[in-house]
Amino acid sequence: AMEKSYLSMFLLLIVISCALAKDAGKKDTPAKPKLPQTLSRGWGDQLIWTQTYEEALFRAKHSQKPLMIIHHLEDCPHSQALKKVFAEHKDIQKLAEKFILLNLVYETTDKNLAPDGQYVPRILFIDPSLTVRADITGRYSNRLYAYEPSDISLLYSNMQKALKLLKTEL
């Protein structure tokens, strides 16, 4: 009986060391984990994206971070153009780490996320008290939450604004 338990112990150790080796190997490879990449849909593969609106609200509330929601469509050229500059903008990608992030290719039932219509791309900020910051707008009066690639610096300062308001209010 003694030999048998040694053997099973030995097998267990082999299994554990294989599992550890697999994890260790992961860190060195530049290949990104699949899940965040699919959730990012190309808006920033190294950022952590939430899967659903409900999850995003929960995280914003409990982490006390603002939520940034990007509505877009895969086959919309305006969305694609904005996505490209957003993903390549180093400062935006860095600042985005301070937010709970969600990008949606479908509309939610929450009317607060479409204060002036359901167009794409549009970007809205929600503070941890779960209030939509309708006051953080882009430069177009007919589509308040739309951004063109040329508005990327305005989007950056709006992200800073969403974070600043937080410090003064909480």
Could you tell me if the side chain of Thr131 sits less than 4.5 Å from the side chain of Ile126, heavy atoms only?
no

Is there a donor-acceptor contact under 3.5 Å from the side chain of Tyr119 to the main chain of Tyr145?
yes

Evaluate the ring planes of Phe86 and Trp43, with Trp represented by its six-membered ring, and classify them as parallel (under 30°), tilted (30 to 60°) or perpendicular (over 60°).
perpendicular

How close do Pro128 and Ala60 get, counting heavy atoms only, and between which atoms?
CB-O, 3.5 Å

For Leu101 versus Thr50, what's the shortest heavy-atom pair and its separation?
O-OG1, 2.7 Å

Got a donor-acceptor contact below 3.5 angstrom from the Arg41 side chain to the Asn103 backbone?
yes

Min side-chain heavy-atom separation Asn158-Tyr147 under 4.5 Å
yes

Is any side-chain heavy atom of Leu73 closer than 4.5 Å to a side-chain heavy atom of Tyr106?
no

Is Glu55 paired with Lys61 through a side-chain N to carboxylate O contact shorter than 4.0 Å?
no

Shortest non-hydrogen contact from Phe99 toward Leu67
CD2-C, 4.4 Å

Derivation of the salt bridge (Lys or Arg N to Asp or Glu O under 4.0 Å) call for Arg133 and Asp127
CA-CA 7 Å; Arg133 302 302 315 226; Asp127 70 24; 3.7 Å; yes

Between Val132 and Leu124, which heavy-atom pair has the shortest distance, and what is it?
CG1-CD2, 3.9 Å

What are the two closest non-hydrogen atoms of Ile100 and Ala56, and how far apart are they?
CG2-O, 3.7 Å

Under a 3.5 Å distance rule, please check whether Arg122 uses its side chain to pair with a backbone N or O of Leu113 as donor and acceptor.
yes

Taking atom types as modelled, find out whether Thr108 and Asp110 have a side-chain donor-acceptor pair closer than 3.5 angstrom.
no

Any ion pair linking Glu74 and Lys83 (charged N to carboxylate O, less than 4.0 Å)?
yes

Is any side-chain heavy atom of His62 less than 4.5 Å from a side-chain heavy atom of Phe58?
yes

Smallest heavy-atom separation, Leu95 atom then Met159 atom, equals CD2-CB, 3.7 Å

Sidechain N-carboxylate O distance under 4.0 Å for Asp151, Arg139
yes

